[in-house]
Protein chains: 2
Amino acid sequence: MFSKACEYAIRASIYIAVKSESGQRVSLKDIAGAIDSPEAFTAKILQQLSKDQLIDSVKGPSGGFSIEKKKLQHLRLSQIVYAIDGDRIYKGCGLGLKDCSERKPCPVHHKFKAIREELKNMLEKTTVTELASGLGKGLTFLQR
Amino acid sequence: MFSKACEYAIRASIYIAVKSESGQRVSLKDIAGAIDSPEAFTAKILQQLSKDQLIDSVKGPSGGFSIEKKKLQHLRLSQIVYAIDGDRIYKGCGLGLKDCSERKPCPVHHKFKAIREELKNMLEKTTVTELASGLGKGLTFLQR
DNA sequence: ATATATTAAGATCTTTTTATCCTTTATTAT
DNA sequence: ATAATAAAGGATAAAAAGATCTTAATATAT
């Protein structure tokens, strides 16, 4: 569904969100530990999210990653996914055809459409805070 | 969503189905040409489908691939997908956790569940013949 | 029986994805 | 100012996926 990088991106974002809500900044090491991801690879991913201004980063002592409150209110899963995996999850043809479209559909085009729409809606509706909340309450997990 | 191999597998199966309905056997070359896939790679994939007895193959002159009528009546998309990609599309956690479950869910577990179910249902309901029919009528395409 | 067409199978190569390492840059605390 | 800390960036490596090549096995037609 998502690339590994995107999975880490989502997990990291949720973790950062939890911490940001209580005003804490978290280091790369902290994040990689919390979501059980390879540190250097995670760094690359966070770099990308930071470039896209989906998360904030501060260098130096007591630096780290965070998401400012304002952003956090609006940050959707779709934004994270888009930053890392692009739009292939929405646009790509289920059978890999380049020019698959309503006008020239592949055999599964219409069958997939509904599912894809639903996925898109879900990603666009779901906020990272919302997911962070469940994690904060111990209802959901980011490891194993 | 699916691996490239799985995309080719589905496309090939649909093409073989169309031909099989009019009693024709099709060669690898023919298939690869029709679905615009790399020939040798496609051979591997068809080999796998053949091993799993989802399609039939005959060696030698006037040999090739086909799907016998009986099989074709029941052959579902889910079977093709399972033969090539296994069950990751159903079972795998959206965030890549190994032990994600109802009891110990990742933050998106419940959100994904509905979508995954729908996908599963669709794949299990959809027959290859059904898709072949649209292709036979020129309503759908396997190229570009 | 032989030649030929065609799939099967194994080995190998290429590309992409995933992951690591090392150096540089920015920030903070002293 | 200096040292320490943490992310940024670039180069490289390992693993997985995608694709190709070569040889073997098998069936058919003559």
Side-chain angles (χ1 to χ4, degrees), chain A residues 1-13 15-16 19-20 24-33 35-67 81 83-86 88-89 92 95-96, chain B residues 1-13 15-16 19-20 24-33 35-67 81 83-86 88-89 92 95-96:
Chain A
M1 182 89 81
F2 303 130
S3 70
K4 215 92 190 76
C6 190
E7 292 176 357
Y8 294 146
I10 296 172
R11 278 151 64 186
S13 301
Y15 181 70
I16 297 170
K19 294 296 185 174
S20 292
Q24 296 173 65
R25 245 192 320 240
V26 281
S27 71
L28 171 61
K29 187 174 279 187
D30 191 355
I31 295 167
I35 71 173
D36 187 29
S37 66
E39 203 173 307
F41 190 41
T42 307
K44 297 293 176 195
I45 295 160
L46 294 177
Q47 231 174 87
Q48 183 62 46
L49 296 181
S50 173
K51 264 189 197 160
D52 288 10
Q53 307 194 8
L54 298 177
I55 68 177
D56 305 294
S57 86
V58 175
K59 287 183 182 180
S62 85
F65 297 91
S66 64
I67 307 174
V81 172
I84 305 298
D85 280 353
R88 77 180 164 86
I89 207 159
L95 298 187
Chain B
M1 184 89 80
F2 303 128
S3 69
K4 217 93 189 79
C6 191
E7 292 176 357
Y8 293 146
I10 296 173
R11 277 151 65 188
S13 301
Y15 181 70
I16 296 170
K19 294 296 183 174
S20 291
Q24 296 174 65
R25 243 191 325 239
V26 281
S27 71
L28 171 62
K29 187 174 276 186
D30 190 353
I31 295 168
I35 71 173
D36 187 29
S37 67
E39 203 174 308
F41 190 38
T42 305
K44 296 291 176 196
I45 295 160
L46 295 177
Q47 232 173 86
Q48 184 62 46
L49 296 182
S50 174
K51 263 188 197 159
D52 288 10
Q53 307 194 9
L54 299 176
I55 67 176
D56 305 293
S57 85
V58 175
K59 287 182 181 181
S62 86
F65 298 91
S66 65
I67 306 174
V81 172
I84 305 298
D85 280 353
R88 77 181 165 85
I89 206 159
L95 298 187

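Note on naming: letters A, B, ... go to the chains in the order of the sequence lines (proteins, then strands), and numbering restarts at 1 for each one. Nothing here was measured: the structure is a model prediction, and the numbers come from that model.
The interatomic distance linking A:I16 (CD1) with D:dA6 (C1') rounds to 14 Å, in whole Å. In this structure, the CD atom of A:E39 is 11 Å from the C1' atom of D:dA7, given to the nearest Å. Regarding A:K59, its NZ atom lies at a distance of 4 Å from the C1' atom of C:dT25, rounded to whole Å. Nucleotide C:dT18 holds its C1' atom 15 Å from the CG atom of A:D36, rounded to whole Å.
Between B:Q47 and C:dT7 there is no side-chain N or O to OP1 or OP2 distance below 4.0 Å. Close to D:dG18, at under 4.0 Å from its OP1 or OP2, lies no side-chain N or O of B:Y8. At the phosphate of C:dA8, OP1 or OP2 sits under 4.0 Å from a side-chain N or O atom of B:S57. Side-chain N/O atoms of A:S50 include one lying less than 4.0 angstrom from OP1 or OP2 on D:dA8.
Taking every side-chain heavy atom of A:A40 into account, C:dT20 is the closest of D:dA8, C:dT28, C:dT20. Side chain of A:K51, nearest nucleotide from D:dG9, D:dA27, C:dT18: D:dG9. Nearest to the side chain of B:F41, among C:dT18, D:dT20, D:dA7, sits D:dT20. Comparing atom distances between the A:V58 side chain and each of C:dT27, D:dA7, D:dT28 picks out C:dT27 as nearest. For B:P61, taking side-chain heavy atoms from C-beta onward, the closest of the listed nucleotides C:dA5, D:dA7, C:dT27 is C:dA5.
Contact record, B:V26 with B:K19: CG1-CG, 3.4 Å, taken as the closest heavy-atom pair.
Judged by closest nucleotide on DNA chain C, A:K4 is the one of A:S62 and A:K4 placed further toward the 5' end. Both B:R25 and B:P38 sit near DNA chain D, but only B:P38 has its closest nucleotide nearer the 5' end.
Nucleic acid contact for A:K44: base, since at least one base atom lies under 4.0 Å from a heavy atom of the residue.
To the nearest 0.5 Å, the span separating CG on A:L95 from NZ on B:K4 amounts to 9.5 Å. Between the SG atom of B:C6 and the CE atom of B:M1 there is a distance of 10.5 Å, given to the nearest 0.5 Å.
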With side chain to side chain contact (heavy atoms under 4.5 Å, CB included) as the criterion, how do B:L49 and B:S13 come out once you've worked through the C-alpha distance, each side chain's angles and the decisive distance to 0.1 Å? CA-CA 9 Å; B:L49 296 182; B:S13 301; 3.7 Å; yes

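With hydrogens and angles ignored, the 3.5 Å screen pairs a side-chain donor or acceptor of A:S20 with a backbone N or O of A:I16.
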